[in-house]
Each structure stands twice: as C-alpha cells, then as structure tokens.
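Written out below as structure tokens is the structure these notes cover.
Computed from heavy atoms alone, side chains included, the values below leave out hydrogens, waters and symmetry copies. Counting from 1, the numbers follow the sequence of the chain as shown.
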Amino acid sequence: MQTLLIVLIILTSVLLALMVLIQNPKGGGLSSGFSGGSNLMGVKRTGDFLEKGTWTLVIALMVFCLAVNILGPSKGGAASKGGLSDQIEAPAQQGPLNLNPAQQQQQQQQAPAAAPGKTDSAK
C-alpha cells in the first residue's frame, strides 16, 4: 500500500510540474496558441482547464502525502516510546549528574554500604 502511494506521489508531482510549466506566467499559457474563435477549446477554457488541473493535482499530492504518513508503518508503539524519550529517561535512571563535589563524595560513600551480600562480619 505504501509503495502504491509513493508511486502516486511521484506521478502526481511530475504531472504537476508539467502543468505549471505549460502555463504562461502572465495567464496565457497554451491559450496564446489558440487565436481563432472556431477552436474546440477557446482561450478562456484552456486557462480554466490548466488552473483547475493544477489545483486538483496540488490537492491530490497533499492527500497522498498525508495518506503515506497516516497509513505507513510507525516506529515505536506500546512497547517502545521512541528514541527521544529513551534519551530523556536514560540519564534519569543513572542518577543526578550535576552534583557538587560534597554531594558526589557523600553518594560514593553510601553506595558501597548499600551493596547487597557484603557485610562487615565476613572479615
């Protein structure tokens, strides 16, 4: 499904680029080539067709891009919150990092005393 949407995005982008390049920057575009009044598509109709086609392709491109983001596979989910939240939570699990020297020394003295399995009676 995602591959189909990506192909549609590329196709729409190419068609949109061609539509924009066909148009004249002053509003004439292909209309300037049709000078006779007996043409099937008159001057006004050609400009309207190109403008409506451009807007249609722009809207289609936006819809396809949103569909890829909505329907595509997402990283993370219930099991994993994502990379950014893991980076945020990792330092919090290690303990405070910004301690002054007195607090660091106090924390180092408390850590060996709290270690399980080591008692003073084993000397």
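Note that CD1 of I9 and CG of L4 are 10.0 Å apart. Values are rounded to the nearest 0.5 Å. Atom CD1 of I10 and atom CZ of F64 lie 12.5 Å apart (nearest 0.5 Å). Here the straight-line distance linking atom CG of L18 with atom OG of S13 works out to 11.0 Å at 0.5 Å rounding.
Shortest non-hydrogen contact noted between L50 and Q23 is O-NE2, 3.2 Å. Between Q2 and V68, the shortest heavy-atom distance links the atoms NE2-CG1, 4.1 Å. In plain terms, the two heavy atoms of T54 and V20 that are nearest each other are CG2-CG2, 4.3 Å. Between T12 and A60, the shortest heavy-atom contact is CG2-CB, 4.3 Å.
Hydrophobic clustering, with ILVMFWY side chains joined whenever heavy atoms are under 4.5 angstrom apart, groups M1 together with L61. At a threshold of 4.5 Å between side-chain heavy atoms, the hydrophobic network of Ile, Leu, Val, Met, Phe, Trp and Tyr places L16 and L21 in two separate groups. The cluster map of Ile, Leu, Val, Met, Phe, Trp and Tyr, joined by side-chain heavy atoms under 4.5 Å apart, puts V58 and F49 in the same cluster. Hydrophobic clustering places M19 together with L11 (ILVMFWY residues linked when any side-chain heavy atoms are closer than 4.5 Å, directly or through intermediates). Placement of L66 and V7 in two distinct hydrophobic clusters is found when ILVMFWY residues are connected by side-chain heavy-atom separations under 4.5 Å, directly or transitively.
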